[in-house]
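So that the names make sense, note that chain A is the first sequence line, chain B the second, and so on, each numbered from 1. In this text the structure is predicted, and so the values were computed from the model without any measurement.
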Number of protein chains: 4
Amino acid sequence: MSLGISIAPASDIPIFRQIIQQIQQAVALGRLQVGEQLPAIRVLAETLVINPNTVARAYQDLIRDGILESRSGRGVFVSQKRQVFADAERQRRLRQATEQLCHEAILLDFDLPQVRHTLEETWSDLKESAVPTSPDAKESLP
Amino acid sequence: MSLGISIAPASDIPIFRQIIQQIQQAVALGRLQVGEQLPAIRVLAETLVINPNTVARAYQDLIRDGILESRSGRGVFVSQKRQVFADAERQRRLRQATEQLCHEAILLDFDLPQVRHTLEETWSDLKESAVPTSPDAKESLP
Amino acid sequence: MSLGISIAPASDIPIFRQIIQQIQQAVALGRLQVGEQLPAIRVLAETLVINPNTVARAYQDLIRDGILESRSGRGVFVSQKRQVFADAERQRRLRQATEQLCHEAILLDFDLPQVRHTLEETWSDLKESAVPTSPDAKESLP
Amino acid sequence: MSLGISIAPASDIPIFRQIIQQIQQAVALGRLQVGEQLPAIRVLAETLVINPNTVARAYQDLIRDGILESRSGRGVFVSQKRQVFADAERQRRLRQATEQLCHEAILLDFDLPQVRHTLEETWSDLKESAVPTSPDAKESLP
DNA sequence: GTGGTCTAGACCACG
DNA sequence: GTGGTCTAGACCACG
């Protein structure tokens with residue numbers, strides 16, 4: 001739908017985490033704007049044919065992390081974006097994630113050009129799923 | 001200690017998987033050479049203050065992936081490197097590892113050039129620190 | 001029971017390996033189809049009167065080889081068939097299995113024509129008894 | 001030595017079993033004749049650079065199975081050959097071993113010609129190792 | 001001494 | 001309900 005969330009039931013990534021990832025990405029990529037409302041738990045659960053508890057869990061985690069916020073009686077919204085991590089911390093985390101990829105790649109006997117290529121391919125695949133403008137479904141910020 | 005394996009009990013990564021990662025890294029970087037013997041299960045378990053079964057589980061998994069091999073009654077050794085996985089499977093695993101990096105990077109608000117740069121930097125750092133393969137690291141019989 | 005798994009506790013083959021073999025056979029012969037769900041660990045353990053951990057171990061190994069897959073919170077399923085191993089590795093495994101047969105045959109005083117004949121006979125028997133792949137054997141959600 | 005036994009220390013087959021297999025084969029292939037004497041335990045152990053207990057274990061098992069016999073004070077000899085299994089039992093065992101190979105092969109996606117070819121190759125390799133004279137007993141990694 | 005298998009049972013994550 | 005991880009401890013096979 002407008003959110004474009006899709007889940008892979010056979011994936012080894014838990015469903016609630018797949019939802020979290022996709023919402024995080026949508027926010028990071030600007031596809032979900034600050035203040036925008038998310039689909040109601042039951043609606044999204046029905047759309048994805050999954051258990052409502054699973055959606056609730058995902059929303060709950062995102063609220064706890066300050067990415068979404070619940071406005072009682074009205075629904076769940078994208079909250080004011082805030083930079084959670086200091087720059088040094090961001091760098092540290094990126095570096096660590098990159099090291100993990102490198103270790104796996106070396107073990108699988110890939111070389112740098114192959115890894116770089118896969119990175120660029122994967123990155124644009126993820127970007128592609130992010131359509132530039134999200135025209136509707138806004139509510140004024142408090 | 002010579003192996004330098006350490007575990008973070010509070011991490012969300014299971015202990016046996018932390019051990020696997022660190023041994024894989026040691027092998028990938030040449031800190032563990034082909035034919036070299038690993039610490040006995042009970043010894044490593046005592047060092048890390050965890051249950052021997054947990055170490056055994058890690059060793060088992062590495063044996064199944066062809067990275068280690070068990071010689072009955074004598075111990076566990078780094079096995080001759082061989083290509084276990086089909087190309088499609090290697091690609092699949094590389095792709096999955098890359099996706100993890102991308103998810104993290106997007107979440108941290110990095111863009112592609114920054115990630116690519118970190119990749120290249122990290123890759124050469126790892127390659128530089130890698131120990132060259134020694135011609136004969138063989139089992140010494142007592 | 002629908003799976004028809006049975007174990008011989010007195011056998012010198014470990015229980016978890018007996019389970020693996022029988023599930024592999026069922027998949028190879030099409031008695032277990034892609035997407036089909038396996039009995040819950042605790043259920044199969046109760047049926048076979050063994051410890052759940054032993055069943056879990058068998059399932060784990062089959063998951064690692066790409067034959068089964070776990071969908072978190074829902075159960076274990078037969079996964080889409082894919083080529084996990086490189087050609088050299090496939091050859092290695094075939095060769096090893098063949099050596100076992102030859103050792104046994106030589107020990108039993110058979111000669112090559114007799115073994116070859118038994119191979120051809122057994123092969124066509126198995127192929128005949130194989131269940132054809134059904135187009136859609138999918139998970140049925142309760 | 002004259003026996004031509006070689007062991008692969010890195011193999012996943014226990015050493016004592018490797019010895020058993022090779023002696024059984026030598027007897028089945030006529031390379032070791034009825035009444036022929038085997039090397040003393042200590043001699044063979046020294047030749048293969050393994051623990052004497054391991055050789056003793058192998059000899060013990062072969063004696064228990066009636067393939068060798070110990071003549072006190074003089075050594076261990078190939079015993080009068082006797083057909084241990086009835087024909088039906090031989091057939092049954094051959095058939096079962098063949099089925100195991102077929103299951104593995106099907107799972108690895110081989111077809112009959114490939115399996116037949118590997119069988120013939122493996123068989124002649126084993127036969128070949130039964131050259132009347134074997135100059136040296138090597139222990140070496142491939 | 002080495003690793004491999006199995007049991008019993010706890011506790012957690014996911015849906 | 002489902003599977004996944006970990007501990008504690010027994011017993012066995014191999015060298």
Quiz item: Within the side chain of A:Glu104, is there an N or O that forms a donor-acceptor pair under 3.5 Å with the backbone of B:Arg93?
Solution: no
Exercise. Calculate the interatomic distance between C:Gln37 atom CD and F:dT2 atom P; express it in whole Å.
Key: 9 Å
Quiz item: Taking N and O atoms by type only, does the side chain of B:Asn53 place a donor or acceptor under 3.5 Å from a partner on the base of F:dG9?
Solution: yes
Quiz item: Starting at CD1 of C:Ile13 and ending at C1' of E:dC6, how long is that distance when rounded to a whole Å?
Solution: 17 Å
Quiz item: Taking only N and O in the side chain of D:Arg17, is any of them less than 4.0 Å away from OP1 or OP2 of F:dA13?
Solution: no
Quiz item: Is D:Arg57 near enough to F:dC14 that one of its side-chain N or O atoms lies under 4.0 angstrom from OP1 or OP2?
Solution: yes
Quiz item: Okay, side chain of D:Gln18, backbone of D:Ile13: is any donor-acceptor separation there less than 3.5 Å?
Solution: yes
Exercise. Let me know, please, whether B:Val49 or C:Ile63 comes out on the 5' side of the other along DNA chain F by nearest nucleotide.
Key: C:Ile63
Exercise. Flag the pair C:Asp61 and C:Arg17 as a salt bridge only when some basic side-chain nitrogen lies within less than 4.0 angstrom of an acidic carboxylate oxygen.
Key: no
Quiz item: Does F:dG15 have OP1 or OP2 sitting under 4.0 Å from an N or O in the side chain of B:Ser72?
Solution: yes
Self-check item: Heavy-atom pair of closest approach, residues B:Phe77 and B:Gly35
Solution: CD2-O, 3.4 Å
Quiz item: When you measure from the side chain of D:Ser70 to the backbone N and O of D:Val76, does any donor-acceptor pair fall under 3.5 Å?
Solution: no
Practice problem: Send over the distance from C:Phe16 CZ to E:dT7 P, rounded to a whole Å. | Solution: 12 Å
Exercise. Identify, between A:Asn51 and B:Ala40, the residue whose nearest nucleotide on DNA chain E lies closer to the 5' end.
Key: B:Ala40
Quiz item: Want to know the stems of DNA chain F: at least 3 consecutive Watson-Crick or G-U pairs with distances under 3.5 Å, which are they?
Solution: E:1-14 with F:1-14
Practice problem: Would you tell me if any nitrogen or oxygen in the side chain of B:Thr54 comes within less than 4.0 Å of OP1 or OP2 on F:dT7? | Solution: yes
Quiz prompt | Sugar-phosphate, base or nothing in reach of A:Ile15, heavy atoms under 4.0 Å | solution = sugar-phosphate
Quiz item: How long is the line joining CG of C:Leu38 and P of F:dG3, in whole Å?
Solution: 9 Å
Exercise. Return no unless some side-chain N or O of B:Ser70 is found under 4.0 Å from OP1 or OP2 of E:dG4.
Key: yes
Quiz item: Is D:Arg42 atom CZ crowded by more than 12 heavy atoms from other residues, nucleotides or ligands, each under 6.0 Å away?
Solution: no
Quiz item: Does a nitrogen or oxygen in the side chain of B:Gln60 sit under 4.0 Å from OP1 or OP2 of E:dG3?
Solution: no
Quiz item: How long is the line joining CD1 of C:Ile7 and P of E:dT5, in whole Å?
Solution: 15 Å
Practice problem: Measure the distance from CG on D:Leu48 to P on F:dC14 and round it to the nearest whole Å. | Solution: 18 Å
Exercise. Return the value, rounded to whole Å, for the distance between atom CZ of B:Arg74 and atom P of F:dC14.
Key: 13 Å
Quiz item: If you take atom types as modelled and just measure distance, does the side chain of D:Asp12 reach the base of E:dG3 with a donor-acceptor pair under 3.5 Å?
Solution: no
Quiz item: Is A:Glu46 atom CD crowded by more than 12 heavy atoms from other residues, nucleotides or ligands, each under 6.0 Å away?
Solution: no
Quiz item: If each of B:Tyr59 and C:Gly73 is mapped to the nucleotide of DNA chain E with the nearest heavy atom, which maps nearer the 5' terminus, i.e. the 5' end?
Solution: B:Tyr59
Practice problem: Decide, yes or no, whether a salt bridge links B:Arg82 with C:Glu89 under the criterion of side-chain N to carboxylate O below 4.0 Å. | Solution: yes
Quiz item: Which sits closer to the 5' end of DNA chain F, C:Ile41 or B:Pro52, going by the nucleotide each is nearest to?
Solution: C:Ile41
Quiz prompt | Donor/acceptor link under 3.5 angstrom from B:Arg42 side chain onto base of E:dG3 | solution = yes
Quiz prompt | Value in whole Å for how far the C1' atom of E:dT2 lies from CD of B:Glu46 | solution = 15 Å
